Amino acid sequence: WSLPVREVPATEGILAGQGPRRLRAMSFDADSDGVVPDEPGGDSVFELGPSALEDIASGDEVEKDDEVCGDEAGASNGEMGLNRLSGEVTITAGVYNAEEVNTEVFDGLSLGPEVAQEVLNVWNTFLRSAGARETAGEALYSVMFDAAPSLHALWRTPRAVMAIRLLNGVQKIFSEVGNPKELKTIVEAVGFLHLHLEVTVPRVEVFRDAITDLLQAETGDAFTPVARQAIRTVLNYVGGAFVYVREKYGERLGCLASSWAQASGRNAREALEALEANGGGGEEGAQQDGSADDELAAAEKLAEEQTKSKAKKKRWFLGGSLSSSARKGSSGSHSEDVVNNSVPKTFNEMFNFNAAVMGFSARSWMQEVLTSFDDIVTNASNAARLQEECDVLALRLSKCQGPIELANFKAVMLASLRSLVPKGWDSEHEIAWSWLWKTVERLLAEHTGKLARQERAISRLFGEIEGMDLTRLHRMVYTKFFEIAPAGQDHFKQSTTRLHFVARRVGAMAMDIYRDPDTLVDELSGCGLRHVGYGIPSELCAAYAAAYADAMRAFVQDAEGADAFEWSMSLVARVIARVINEGSTLVMKAINLNSAKQVSKAVACAPRSERADWMLHISVGSRSISPLSWAIETGSMEAAEAILDDLLTIRADRD
């Protein structure tokens with residue numbers, strides 16, 4: 001048998017009690033008096049202790065270390081394998097290791113308990129050395145931001161807010177390194193949030209090395225060779241999962257778009273365009289899988305076939321209850337009306353029909369989910385919007401009485417989709433829709449049983465501060481906000497009285513969203529559209545919410561109430577930021593600049609049939625705003641004049 005190790009003096013340091021040494025590859029022959037050098041290139045390595053090296057020096061036999069062999073064998077089963085030699089460690093966990101980013105598969109990462117504990121020890125040491133979470137988050141942000149200067153344009157969120165997000169995300173991943181199933185779920189969820197970004201292997205390696213170097217510099221002796229290899233393996237696993245999710249889930253999103261277009265009665269191409277648009281801008285949605293177009297064409301073809309076979313379906317739903325005289329003559333129109341009223345043509349109608357058949361018609365919570373289902377499916381490619389929709393839905397579900405069993409909705413949903421997409425439905429559709437609902441279930445499950453307690457906690461919190469002077473609280477809010485986002489000072493130029501009014505109103509929104517989420521979301525849509533007219537950057541919303549939450553936590557002693565306030569404040573900020581992003585059209589940006597030239601450039605991009613609509617109407621949710629009216633109200637007369645000139649221009653369009 002062979003030992004592939006490098007050559008060192010056989011007895012050097014052994015008697016002094018030094019650790020394992022590494023020798024040149026050699027073979028031991030029990031029948032010979034010496035050793036025979038091996039051919040270079042061997043890979044097998046096992047640990048040699050001092051006593052083993054003494055035996056080698058004296059020519060005695062050396063027994064293999066059963067414990068090390070066991071670790072190596074475990075690696076083939078997905079367990080973390082350790083090969084230690086002179087403090088160097090080689091770690092493998094199934095198809096994952098510390099050197100390569102695997103983007104071909106996305107399985108569970110199984111670390112042994114000792115290795116997982118090493119990772120947690122390093123992370124906890126890093127948090128203790130930082131002292132405060134804000135300091136740790138800032139350090140993490142700095143190394144990642146500086147590691148990739150070419151990606152600076154992607155870091156649009158204020159530094160302090162993004163630093164805490166990074167810290168929370170990394171901590172959530174490291175805290176579950178000993179639980180493969182939960183770790184995979186978390187990584188998949190985080191990867192879904194990065195779906196709109198172009199994650200590549202070189203970028204993963206840059207951020208992996210930056211985080212590893214930071215932890216090594218801050219944790220000292222706690223950063224053992226085992227910990228280093230394990231952390232690199234975990235980060236490779238996470239980065240590879242991001243790439244895998246981006247590449248593979250594009251196919252599922254195309255499948256969802258095409259089948260939903262057919263089931264909901266929409267034009268298939270419009271549905272796919274809406275799905276892609278909700279993925280975001282910049283690099284977002286830059287690479288769509290070709291299978292989405294195939295799904296789209298199939299959906300359009302099936303829609304035509306369904307139209308041709310409508311008569312057969314009507315006859316089936318009638319069940320032969322009409323007499324032959326009712327099917328012809330003067331009563332033909334009445335028969336058609338009965339048919340049209342009997343046959344479910346859309347997803348909502350088919351869902352209600354199947355719910356009644358399956359005995360779920362009395363479940364009021366199902367109607368709440370059904371109301372939001374179109375927005376959920378349409379925004380499946382936009383993780384932030386999907387999270388927002390599920391948070392608002394969770395608030396509405398918390399008002400429903402009785403048990404909520406989301407698995408029942410899935411059963412009715414799949415039955416309805418199979419009925420509306422009869423010929424095109426296959427295993428890919430089953431997987432895609434089950435995956436979407438699994439994602440929704442996970443997002444809703446995060447709030448199960450919590451929102452009612454949070455509503456009571458925030459009510460108690462506002463009852464506590466009701467009789468207090470809130471001037472100090474508001475001053476703390478703006479002080480913290482201007483520290484987090486100095487650019488905010490350019491937009492808050494009103495009087496102190498006005499600033500206090502804004503702070504009081506925003507605080508009230510954080511409580512009202514628990515009580516009546518539908519009404520408040522509608523109000524927030526109007527508020528967001530006004531902020532579009534003010535030219536407020538959407539990035540400031542998250543910074544204001546974070547500053548308000550920090551000030552409230554320092555102002556009161558109720559930790560539970562402060563947590564409830566922070567969550568609702570974050571939701572309010574996300575809704576307003578989303579409305580600002582959706583409403584910030586090229587025309588509105590030109591109006592904010594009061595530039596006729598920019599208005600002309602903006603409307604030049606519009607299709608001829610939509611040109612006037614771009615200048616007269618912007619709608620987000622149930623609220624709308626007129627760019628022309630806003631230009632006149634705010635005194636942007638140059639832009640308003642350009643809009644009127646364009647609207648009154650008579651164009652000789654070709655047929």
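Predicted, not measured: the structure shown is a model, and the values here were computed from it. Numbering starts at 1 and runs along the sequence shown.
Side-chain contact between Gln454 and Glu560 is absent, with no heavy-atom pair separated by less than 4.5 Å. When side chains are defined from C-beta on, Trp123 counts as touching Leu215, because their heavy atoms get closer than 4.5 Å. Side-chain contact between Trp155 and Met144 is present, with at least one heavy-atom pair separated by less than 4.5 Å. Counting heavy atoms from C-beta outward, Val440 and Val369 have side chains that stay 4.5 Å or more apart. Residues Met552 and Ile465 have side chains in contact (heavy-atom distance under 4.5 Å, counting atoms from C-beta outward). Side-chain contact between Val572 and Leu524 is present, with at least one heavy-atom pair separated by less than 4.5 Å. His194 is not listed as a side-chain neighbour of Val245, based on a closest heavy-atom distance of 4.5 Å or more. With a 4.5 Å cut-off on side-chain heavy atoms, Ile376 and Leu393 count as touching.
Side-chain atoms of Asp646 do not come within 3.5 Å of backbone N or O of Ala642 as any donor-acceptor pair. The closest donor-acceptor contact from the side chain of Ser568 to the backbone of Ala510 lies under 3.5 Å. Here the side chain of Arg246 pairs a donor or acceptor atom with the backbone of Leu197 at under 3.5 angstrom. Looking only at distances, no side-chain donor or acceptor of Ser629 sits under 3.5 Å from a matching main-chain atom of Ile625. Put simply, the side chain of Ser525 gets close to the backbone of Val521: a donor and an acceptor are under 3.5 Å apart. Checking side-chain atoms of Ser129 against main-chain N and O of Phe126 turns up a donor-acceptor pair under 3.5 Å. Not one N or O on the side chain of Asn379 forms a donor-acceptor pair closer than 3.5 Å with the backbone of Asn382. Judged by distance alone, the side chain of Ser626 and the main-chain N or O of Leu616 form a donor-acceptor pair under 3.5 Å. The backbone N or O of Ala639 lies less than 3.5 Å from a partner atom in the side chain of Asn594, making a donor-acceptor pair.
Ring geometry for Tyr478 versus Tyr544: interplanar angle over 60°, hence perpendicular rather than tilted (30 to 60°). Between Phe492 and Phe481, the ring planes lie perpendicular to each other; the angle is over 60°, past the 30° to 60° tilted range. Classified by interplanar angle (parallel below 30°, tilted 30° to 60°, perpendicular above 60°), the ring pair Tyr534/His531 is perpendicular.
In plain terms, the two heavy atoms of Ala160 and Ile484 that are nearest each other are CB-CG2, 3.6 Å. Across all their heavy atoms, Ser175 and Leu120 have their closest contact at CA-CD2, 3.8 Å. Scanning all heavy atoms of the two residues, the minimum distance from Leu183 to Glu176 falls at CB-O, 3.5 Å. For the pair Met615 and Leu647, the tightest heavy-atom approach, listed with the atom from each and the gap, is CE-CD2, 3.6 Å. Closest non-hydrogen pair, Ala564 versus Tyr514, comes out as O-OH, 2.8 Å. Across every non-hydrogen atom of Ala136 and Leu127, the tightest pair is CB-CD2, 4.1 Å.
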Item to complete: Report the C-alpha separation of Thr448 and Leu444 in whole Å, then their side-chain angles, then the decisive distance to 0.1 Å, and conclude whether the side chain to side chain contact (heavy atoms under 4.5 Å, CB included) test is met.
Response: CA-CA 7 Å; Thr448 302; Leu444 294 176; 5.6 Å; no
Worksheet item: Do Lys450 and Trp567 pass the side chain to side chain contact (heavy atoms under 4.5 Å, CB included) test, and can you show the C-alpha distance, the side-chain angles, and the key distance before you say yes or no?
Response: CA-CA 11 Å; Lys450 298 179 181 179; Trp567 182 84; over 6 Å; no
Worksheet item: Checking side chain to side chain contact (heavy atoms under 4.5 Å, CB included) for the pair Asp391/Leu443: CA distance, chi angles, key distance, verdict?
Response: CA-CA 8 Å; Asp391 287 346; Leu443 295 175; 5.9 Å; no
Worksheet item: Are Phe409 and Ile404 close enough, and set up right, to give a side chain to side chain contact (heavy atoms under 4.5 Å, CB included), and what steps lead you there?
Response: CA-CA 9 Å; Phe409 186 93; Ile404 297 177; over 6 Å; no
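Open room surrounds CD on Glu641; 12 or fewer heavy atoms of other groups in view lie less than 6.0 Å from it.
A donor and an acceptor atom, one from each side chain of Glu455 and Ser459, are nowhere located under 3.5 Å apart. Arg128 and Thr125 share a donor-acceptor pair across their side chains, judged by distance under 3.5 Å alone. Judged purely by distance below 3.5 Å, without hydrogens or angles, the side chains of Gln367 and Arg396 never pair a donor atom with an acceptor atom. Side-chain atoms of Trp260 and Asp374 include a donor-acceptor pair closer than 3.5 Å.
Here the CG atom belonging to Leu235 is positioned 12.0 Å from the CZ atom belonging to Phe207, to the nearest 0.5 angstrom. Of the inter-residue distances, the one linking Asp209 atom CG with Gln216 atom CD reads 11.0 Å to the nearest 0.5 angstrom. Atom CE of residue Met588 and atom OG of residue Ser636 lie 9.0 Å apart, to the nearest 0.5 angstrom. Atom CD1 of Ile580 sits about 11.0 Å away from atom CZ of Arg530, to the nearest 0.5 Å. Atoms CD1 and CD1, from Ile536 and Ile576 in turn, are 11.0 Å apart once rounded to the nearest 0.5 Å. Note: Glu389 CD to Thr378 OG1 = 9.0 Å, rounded to the nearest 0.5 Å.
Taking a cutoff of 4.0 Å between a charged side-chain nitrogen and a carboxylate oxygen, Lys184 and Glu188 do not qualify as a salt bridge. Between Glu368 and Lys399 there is no salt bridge, since none of the side-chain N atoms of the basic residue sits less than 4.0 Å from a carboxylate O of the acidic one. Using a cutoff of 4.0 Å between basic side-chain nitrogens and carboxylate oxygens, Arg578 and Glu388 are scored as salt-bridged.
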Table please: side-chain donor-acceptor pairs of residues 494-508 below 3.5 Å, with sequence neighbours left out.
unit_1, atom_1, unit_2, atom_2, d
Ser495, OG, Arg498, N, 3.4
His500, ND1, His474, ND1, 3.2
Arg505, NH2, Glu523, OE1, 3.4

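Of the candidates Glu138, Glu134, Glu539, Glu138 is the only one forming a salt bridge (Lys or Arg N to Asp or Glu O under 4.0 Å) with Arg159.
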